[in-house]
Amino acid sequence: MLDIFLVQMEVAANDKAKNFAKVEALTRDIRKDADDPVKGLIVLSEMFATGYLPLHPEKAAEDFSSASTGETAQFLHRLAQQTGCIVMGSGIAGCPNKLTNHTSVYTADSASEFACYDKRKPFFMEQGKFIGGSDISLFKIKEWQIAPTVCFDLRFPEIYRDAVKKGANLFTVQAAWPSKRVQHWNTLLKARAIENQAFVAGVNCVSSDRNYTGNSQIINPFGEVVAEACENEECVIFARIGKDSLDDYRKEFPVLENI
């Protein structure tokens with residue numbers, strides 16, 4: 001079993017302190033005991049600390065490798081300690097000529113980055129300054145093999161198929177997905193779950209001008225929504241997912257044997 005918490009929030013542009021405080025307020029009631037056999041995973045939206053996309057992203061670039069070297073990394077580690085969960089945040093990493101849209105994972109018991117992923121498919125507005133990652137990155141929580149992805153990646157099914165070939169059974173999607181294409185978001189999340197017989201957890205931001213309306217959701221391998229956020233509302237949605245039903249379904253309907 002795994003408890004998943006998706007933090008849907010409005011991100012203040014270029015105001016890390018305000019965004020950190022908001023995340024802490026929204027997750028105040030999430031507290032997992034270290035001895036709890038059911039682990040927890042908190043997932044934050046794309047570039048949650050700075051907003052998408054800073055005018056000068058090179059000025060917002062950070063080192064995520066250690067809580068001692070990056071402000072956002074320090075916050076992710078602190079949040080993991082406060083909640084007892086594994087925490088996934090997304091931000092800008094690298095140097096001015098090699099920026100990446102970076103997912104960073106922190107646990108409570110280490111001040112070093114537990115896992116990471118660089119967005120494989122930079123969006124159009126990113127392509128002038130960002131480079132895409134080259135690897136599929138999986139990290140493990142008990143029996144779960146988790147593959148992080150970021151926003152525009154969702155449109156490229158080969159990324160997810162490559163990950164499932166490596167053993168992925170849960171995908172996360174951290175996004176700043178505009179409301180004018182929200183039907184694409186809803187459809188593609190379900191498609192990635194169905195075609196890969198995997199759970200998908202997609203978290204999106206909201207905005208007061210309704211350019212972003214959230215629609216964060218957790219979807220099971222059958223393509224059914226098991227948790228969903230209200231549109232344009234700051235909130236945390238939660239689902240406890242079990243791997244037994246996924247394993248049984250993959251055996252009963254062995255689509256993945258043909259990939």
Side-chain angles (χ1 to χ4, degrees), residues 5-27 42-65 67 69-79 87-96 98-106 113 115-133 137 148-155 171-182 185 201-216 229 232 234 236:
F5 304 90
L6 304 185
V7 181
Q8 178 172 291
M9 58 180 270
E10 182 167 5
V11 180
N14 303 306
D15 194 337
K16 292 178 184 176
K18 185 174 182 178
N19 293 321
F20 295 163
K22 182 172 288 187
V23 172
E24 288 183 313
L26 287 168
T27 59
I42 295 174
V43 189
L44 307 173
S45 60
E46 183 179 18
M47 296 188 186
F48 81 98
T50 61
Y52 183 91
L53 178 70
L55 182 61
H56 300 289
E58 63 278 359
K59 294 181 179 179
E62 299 182 65
D63 183 349
F64 284 85
S65 63
T69 57
E71 186 180 4
T72 302
Q74 183 180 48
F75 171 74
L76 296 175
H77 179 49
R78 183 170 79 243
L79 186 64
V87 177
M88 296 180 65
S90 165
I92 302 169
C95 57
K98 289 186 178 181
L99 297 177
T100 61
N101 191 330
H102 185 78
T103 289
S104 184
V105 183
Y106 270 83
E113 193 174 49
C116 63
Y117 168 77
D118 290 324
K119 186 178 183 179
R120 291 279 298 276
K121 300 291 184 179
F123 190 53
F124 307 128
M125 293 185 296
E126 299 171 48
Q127 290 171 7
K129 295 185 177 181
F130 287 75
I131 60 171
S137 301
T149 64
V150 180
C151 206
F152 199 47
D153 287 338
L154 187 60
R155 293 186 178 275
F171 297 106
T172 60
V173 188
Q174 297 166 278
W177 196 285
S179 57
K180 62 185 176 182
R181 291 188 289 274
V182 73
W185 166 259
V203 60
N204 193 23
C205 58
V206 300
S207 63
S208 55
D209 59 11
R210 299 186 67 85
N211 283 333
Y212 302 97
T213 53
N215 302 89
S216 302
N232 218 51
E234 291 188 308
V236 176

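- C205 SG to Y52 OH: the interatomic distance, rounded to the nearest 0.5 Å, is 10.5 Å.
- Under the rule for a side-chain contact (heavy atoms from CB on, under 4.5 Å), the partners of P122 that lie at least two apart in sequence or sit in another chain are E126, Q127, F130.
- What you find for E234 and V206 is that their closest heavy atoms are CG-CG2, 4.0 Å.
- Y212 pairs by the ring-ring contact (aromatic ring centres under 6.0 Å, His included) definition with nothing, not counting sequence neighbours.
- In this structure, the ring-ring contact (aromatic ring centres under 6.0 Å, His included) partners of F171, at least two apart in sequence or on a different chain, are Y160.
- Judged as a side chain to side chain donor-acceptor pair (under 3.5 Å), and not counting sequence neighbours, N19 has no contacts.
- Note: K119 NZ to I92 CD1 = 10.5 Å, rounded to the nearest 0.5 Å.
- Remark: S207 pairs with D209 by the side chain to side chain donor-acceptor pair (under 3.5 Å) rule, at least two apart or across chains.
- From L53, atom CG reaches atom CE of M47 across 5.0 Å, with rounding to the nearest 0.5 Å.
- Q8 approaches G214 most closely through the heavy-atom pair OE1-CA, 3.3 Å.
- The ring-ring contact (aromatic ring centres under 6.0 Å, His included) check on H102 picks up F64, with sequence neighbours excluded.
- Here S104 contributes atom OG and F75 contributes atom CZ; the two are 12.0 Å apart, rounded to the nearest 0.5 Å.
- A donor-acceptor contact shorter than 3.5 Å links the side chain of E62 to the backbone of E71.
- Under the salt bridge (charged side-chain N to carboxylate O under 4.0 Å, His left out) criterion, R120 pairs with no residue, sequence neighbours left out.
- Remark: side-chain polar atoms of T103 are not paired, donor with acceptor, to backbone N or O of C116 under 3.5 angstrom.
- Listed here is the closest heavy atom pair of T50 and A60: CG2-CB, 4.1 Å.
- No donor-acceptor pair closer than 3.5 Å links the side chain of N204 to the backbone N or O of S216.
- The heavy-atom pair separating L79 from V87 by the smallest distance is CD2-CG1, 3.8 Å.
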inquiry  = Assess the residue pair F48 and L76 against the criterion (side chain to side chain contact (heavy atoms under 4.5 Å, CB included)); give the C-alpha distance rounded to whole Å, side-chain angles, the decisive distance to 0.1 Å, and a yes or no.
reply    = CA-CA 11 Å; F48 81 98; L76 296 175; 3.9 Å; yes
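- Under the rule for a side-chain contact (heavy atoms from CB on, under 4.5 Å), the partners of A49 that lie at least two apart in sequence or sit in another chain are K16, F20, T72.
- When the side-chain contact (heavy atoms from CB on, under 4.5 Å) test is applied to N14, the partners found at least two apart in sequence or on another chain are P54.
- Counting all heavy atoms, side chain and backbone alike, Y106 lies closest to A67 at OH-N, 3.4 Å.
- By the side chain to side chain donor-acceptor pair (under 3.5 Å) test, E10 is found to be paired with S208, residues two or more places apart in sequence or in another chain being considered.
- Considering only heavy atoms from C-beta on, I131 comes within 4.5 Å of T100 through its side chain.
- Applying the ring-ring contact (aromatic ring centres under 6.0 Å, His included) test to F152 and every residue at least two apart in sequence or in another chain returns F123, F124, F156.
- Heavy-atom minimum distance, Q174 versus S45: CB-C, 4.2 Å.
- Every residue two or more places apart in sequence or in another chain that forms a side-chain contact (heavy atoms from CB on, under 4.5 Å) with T213 is listed here: S179, V182, R210, N215, E231, N232.
- Remark: Y117 OH to T172 OG1 distance equals 9.5 Å, nearest 0.5 Å.
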message = As a quick check of understanding, evaluate side chain to side chain contact (heavy atoms under 4.5 Å, CB included) for V173 and W185, giving each step before the final call.
response = CA-CA 10 Å; V173 188; W185 166 259; 3.9 Å; yes
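- Rounded to the nearest 0.5 angstrom, D153 CG and E46 CD are separated by 9.0 Å.
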